[in-house]
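Quick notes on the structure that follows.
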There are 2 protein chains.
Amino acid sequence: MQDAEVEPGRHDALGVLDGLVGYHLRRASSVFASDFGRAVGGDGLRQVPFAILSVIAASPGIRQGAAGEALGIKRANMVVLINELVEAGHVDRRAAEDDRRAIALVLTPKGRTTLENATARLTEHEDELLADFTAGERDMLIGLIRRIEAREQPPAD
Amino acid sequence: MQDAEVEPGRHDALGVLDGLVGYHLRRASSVFASDFGRAVGGDGLRQVPFAILSVIAASPGIRQGAAGEALGIKRANMVVLINELVEAGHVDRRAAEDDRRAIALVLTPKGRTTLENATARLTEHEDELLADFTAGERDMLIGLIRRIEAREQPPAD
DNA sequence: CCGGCATTGTTGCGTGACATAACGATCGCT
DNA sequence: AGCGATCGTTATGTCACGCAACAATGCCGG
């Protein structure tokens, strides 16, 4: 047995932090965030706007509030984000048919191609980042993470 | 086989987003972040400062820069964070012995108890959040996430 | 020994992703 | 008709970053 403080280098000296799932989740998430930037950041597309495009594509005509809810984004913050996407020509605001307060969101053709291009480059980057994962490990990972997401708690009201 | 768009409710209609590991990582990380707030947020302790306390406890006398590096925090941002911790009486700045530019960080007794209390409440909360995970699944999860962290890329310089 | 260069902490500023509170317009229900 | 809930909006604040420039100090080659 050697002295305990000999080699702190390998997996760092994080202390109790190293045993907490939350910390590792945070770091891993930031790794993917940086990679997102390398993949599509050059086009000025950020994570949240990309997520919004994806949701709208999956449910054309979705209400602004519903889109935000699916992504855990507050209505107040959606406004600015949708403004951006409209000004960028990726999204059209349309009046909802049955509710004059609401706004229905649809992708423009440009928005659709932007989403497709970004998705292609993004999956490519993810494959690279997860190169040493087997398909089974990758599914396992997504499965475990989804179970965590399911435990999300409402903000107490 | 039913129509594909029948029930978007259950696991949401996220579109391509649902297949991307990065997105799920982000959401799961935010679930833990909220839980962190519920666990120790009342004491005004945030994730990053807590992480710093943990690193200092693991390596007393560590340089400010080295502590930041272990956590992926830029030196510029460490200044404010350490200021906070010093003002809160959790950390002492000491002059490094061998380098008059550097600063050696140590926990105060108050900092140590704060760290211990937070750690206790935190692991408690994590156990709750991961209640339906077996020990094996939990280890599996941490293992997979750590492999992602290892793929972190330097900021190009 | 001394002049250039890297490193340490620091300051200032910008940004992205949130939160919270208050408001007008509209809807639904009684 | 009236009242509360809901939808989008505006304003404002916070947290966790990022980058650029700087003084003080350390290191090293000539």
Side-chain angles (χ1 to χ4, degrees), chain A residues 22-23 25-27 29-34 36-38 40-41 44-52 61-69 71-86 91 93-105 152-157, chain B residues 22-23 25-27 29-34 36-38 40-41 44-52 61-69 71-86 91 93-105 152-157:
Chain A
Y23 169 73
L25 234 26
R26 225 167 65 85
R27 291 303 294 271
S29 159
S30 120
V31 170
F32 269 88
S34 303
F36 185 99
R38 276 186 290 270
V40 298
L45 189 59
R46 284 160 294 145
Q47 289 191 95
V48 176
F50 168 77
I52 296 178
I62 191 176
R63 306 292 176 80
Q64 188 168 309
E69 201 179 353
L71 294 169
I73 301 173
K74 293 269 148 59
R75 274 171 306 143
N77 299 320
M78 282 297 287
V79 180
V80 199
L81 292 164
I82 298 298
N83 279 345
E84 271 183 39
L85 290 172
V86 169
V91 168
R93 282 191 222 251
R94 288 193 329 206
E97 297 171 357
D98 54 332
D99 189 335
R100 271 191 295 172
R101 295 168 301 176
I103 284 180
L105 301 173
E152 186 162 21
Q153 303 207 15
D157 279 309
Chain B
Y23 169 72
L25 234 25
R26 225 168 65 86
R27 291 303 294 270
S29 160
S30 120
V31 170
F32 270 89
S34 303
F36 185 98
R38 276 185 290 270
V40 297
L45 189 59
R46 283 161 295 145
Q47 288 191 92
V48 176
F50 168 77
I52 296 178
I62 191 176
R63 307 291 177 79
Q64 188 167 310
E69 201 179 354
L71 294 168
I73 302 172
K74 292 269 148 62
R75 275 172 310 156
N77 299 320
M78 282 297 287
V79 180
V80 198
L81 292 164
I82 298 297
N83 279 345
E84 271 182 40
L85 290 171
V86 169
V91 169
R93 283 192 222 251
R94 288 192 329 208
E97 297 172 356
D98 54 333
D99 189 335
R100 271 191 295 171
R101 295 169 301 178
I103 285 179
L105 301 173
E152 187 162 21
Q153 303 208 14
D157 277 307

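Every value quoted in this text rests on a predicted model; they were computed, and no experiment measured them. Chain letters run A, B, ... following the sequence lines, proteins first and then strands; every chain starts at 1.
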Open item on the list: Just checking B:E84: does its CD atom have more than 12 heavy atoms from other residues, nucleotides or ligands closer to it than 6.0 angstrom?
Closed with: yes
What nucleotide among [options] has an atom nearest to a side-chain atom of [X]?
X	options	result
B:K74	D:dA11, D:dC19, D:dT25	D:dC19
B:A102	C:dT10, C:dT8, C:dC18	C:dT8
A:I103	D:dT9, D:dC17, D:dT25	D:dT9
B:R26	C:dA17, C:dC27, D:dG8	C:dA17
B:R93	C:dT10, C:dA19, D:dG26	C:dT10
B:A76	D:dA16, C:dG9, D:dC19	D:dC19
B:Q64	C:dT10, D:dC7, C:dA6	C:dT10
A:D99	C:dT26, C:dT10, C:dA17	C:dT26

Do [X] and [Y] come close enough that some side-chain heavy atom pair is under 4.5 Å?
X	Y	answer
B:I52	B:M78	yes
A:R63	A:L105	no
B:Q64	B:V79	yes
B:V48	A:R26	yes

TODO: Scan A:A96 against the nucleic acid and name what it touches under 4.0 Å (heavy atoms): base, sugar-phosphate only, or nothing.
DONE: nothing
Open item on the list: Once you apply a heavy-atom cut-off of 4.0 Å, does B:V79 come out as touching a base, just sugar-phosphate, or nothing?
Closed with: base
Nearest whole Å is fine: how far is [N] [atom2] from [X] [atom1]?
X	N	atom1	atom2	result
A:L45	C:dG16	CG	P	12 Å
B:E84	D:dC15	CD	P	7 Å
B:E69	C:dT8	CD	C1'	12 Å
B:F36	C:dC18	CZ	C1'	17 Å
A:I82	D:dC7	CD1	C1'	14 Å
B:R75	D:dA20	CZ	C1'	12 Å
A:Q47	C:dT15	CD	P	19 Å
B:R100	C:dT10	CZ	P	16 Å

- [ ] Take B:N77 and B:R63, find for each the nucleotide of DNA chain C with the closest heavy atom, and name the residue whose nucleotide sits nearer the 5' end.
- [x] B:R63
Open item on the list: Can you tell me whether the side chain of A:R101 and the base of C:dT26 have a donor-acceptor pair closer than 3.5 Å?
Closed with: yes
